[in-house]
Enquirer: 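Quick one: structure below, then a few questions.
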Amino acid sequence: MYKRQVIGSGVELGSNTKLHSHINIKGNTKIGKNNEIFPFVSIGTDPQDLKYFGEKTALTIGQNNLIRECVSISIGTAGGGGNTNIGDNCLFMLGSHVGHDCKLGSNIVIANNSAIAGHVVIEDNVNIGGLVGVHQFCRLGEGSMIGAHAMVSKDVIPYSMIVGMRPVLSGVNLVGLKRRGSKKENIKQLIEVFSKIFDRKGSKNFQDRIKTLDNDFMTEITEVQKVLEFIKKESTRSFVAPKSQ
């Protein structure tokens, strides 16, 4: 069988990683064990950034990932920390793109023709629908679900579900939480937290509402802890919120 593959001298491939035909892997790229990479994939190529001038940067991919046809994943840039990182057990569907200096966790699904711009952080167990665009420097919190065709330009709170081309928060990602075995009481608390965070009827502003949540809710609940920690982290973006009433 004719297999044309271009594998650069700086590439490290883990055991049992399967390469199909017509694959280009370049740069300082490390790929772990048990991945499968399909035809016409481009990995570790130069970032699509006019500030990149060939400096030595890297791409690290974990294990058990499935990278389908025509996916592209860029190495990092010096200005962005120098490394693009991808965790384990992710599925990158046809035509999806991961830009330079992105930090992706594990168990992420990115559907067909979705594009992740540079410097994006995607936490574990995120599901991204088809034809989604994620703006640079955005954060997608753990367990969130992004509906198809969304143009995401704000941070997405963990365990939330957002929908629409200019997306709005439609609620807690109940399906994802149940699939991962979250307790009913934890989900109930999480729904109440979301309600308090985006309650515009009260007199308090957004930051004041966040400060009161630590006292009002059981922060030992893992899901609630992660939401509060995510919101308190420094970010250049605001948050995807429910549609204004």
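All residue numbers in this chain count up from 1 along the given sequence. Heavy-atom basis, side chains included; hydrogens, waters and symmetry copies ignored.
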Enquirer: Under 4.5 Å between any side-chain heavy atoms of R209 and K196, yes or no?
Expert: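 No, their side chains stay 4.5 Å or more apart.
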Enquirer: Just so I know, are the side chains of F198 and I157 near enough to count as touching, which here means a heavy-atom distance under 4.5 Å?
Expert: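 With C-beta onward as the side chain, the pair touches.
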Enquirer: Answer yes if the side chains of E69 and H20 hold a donor-acceptor pair under 3.5 Å, and no otherwise.
Expert: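 No donor-acceptor contact under 3.5 Å links the two side chains.
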Enquirer: Relative to each other, are the rings of F239 and F230 parallel, tilted or perpendicular (30° and 60° limits)?
Expert: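 Ring orientation, 0 to 90° scale: tilted.
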Enquirer: Between N127 and I108, is the side-chain contact (heavy atoms from CB on, under 4.5 Å) condition met? List the steps.
Expert: CA-CA 6 Å; N127 195 311; I108 293 166; over 6 Å; no
Enquirer: Hey, which of T77, L59, T60 is the one that makes side-chain contact (heavy atoms from CB on, under 4.5 Å) with T84?
Expert: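 The side-chain contact (heavy atoms from CB on, under 4.5 Å) with T84 is passed solely by L59 among T77, L59, T60.
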Enquirer: Under a 3.5 Å distance rule, please check whether K103 uses its side chain to pair with a backbone N or O of N83 as donor and acceptor.
Expert: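 Yes, K103 side chain to N83 backbone: donor-acceptor pair under 3.5 Å.
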Enquirer: Determine whether a donor-acceptor pair (N or O, by modelled atom type, separation under 3.5 Å) exists between the side chain of T45 and the backbone of S74.
Expert: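 Between the backbone of S74 and the side chain of T45 there is no qualifying donor-acceptor contact (under 3.5 Å).
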Enquirer: Drop me the distance from N107's CG to E142's CD, to the nearest 0.5 angstrom.
Expert: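 Separation between the atoms: 9.5 Å.
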Enquirer: Can a donor-acceptor pair be found, under 3.5 Å and without considering hydrogens, that links the side chain of E55 to the backbone of F53?
Expert: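 Here the side-chain-to-backbone pair exists.
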Enquirer: Any side-chain to backbone donor/acceptor pair from N28 onto V11? Under 3.5 Å, distance only.
Expert: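 Checked: no pair found.
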Enquirer: Thinking salt bridges, do D155 and R237 make one under a 4.0 Å N-O criterion?
Expert: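 Salt bridge absent between D155 and R237.
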Enquirer: Does the side chain of K154 come within less than 4.5 Å of H135's, by heavy atoms?
Expert: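 H135 does not reach K154 side chain to side chain.
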Enquirer: Checking side-chain contact (heavy atoms from CB on, under 4.5 Å) against V156, which of I162, L169, I128 comes through?
Expert: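 Of the listed options, the one satisfying the test is I162.
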Enquirer: Quickly, which of N125, V172, V227 forms a side-chain contact (heavy atoms from CB on, under 4.5 Å) with P158? Name it, please.
Expert: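 For P158, the side-chain contact (heavy atoms from CB on, under 4.5 Å) check succeeds only for V227.
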Enquirer: Start with the C-alpha gap between I43 and V71, add the side-chain angles, then the distance that decides, and say whether side-chain contact (heavy atoms from CB on, under 4.5 Å) holds.
Expert: CA-CA 8 Å; I43 294 176; V71 168; 6.0 Å; no
Enquirer: Hey, are H97 and S72 close enough side-chain-wise for a donor-acceptor pair under 3.5 Å?
Expert: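 Yes.
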Enquirer: Between N89 and S106, is there a side-chain donor-acceptor contact under 3.5 Å, judged purely by atom types and distance?
Expert: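 No donor-acceptor contact under 3.5 Å links the two side chains.
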Enquirer: Can you tell me if R4 uses its side chain to pair, donor with acceptor, with the backbone of H22 under 3.5 Å?
Expert: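 Looks like no, no N/O pair under 3.5 Å.
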Enquirer: Identify the residue among N35, N34, T17, D88 that makes a side-chain hydrogen bond (donor to acceptor under 3.5 Å, both in side chains) with N65.
Expert: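 Going through N35, N34, T17, D88 one by one, the side-chain hydrogen bond (donor to acceptor under 3.5 Å, both in side chains) with N65 is satisfied by N35 alone.
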Enquirer: State, without any angle test, whether E223 and S182 hold a side-chain donor-acceptor pair at a distance under 3.5 Å.
Expert: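 E223 vs S182: donor-acceptor pair found between side chains.
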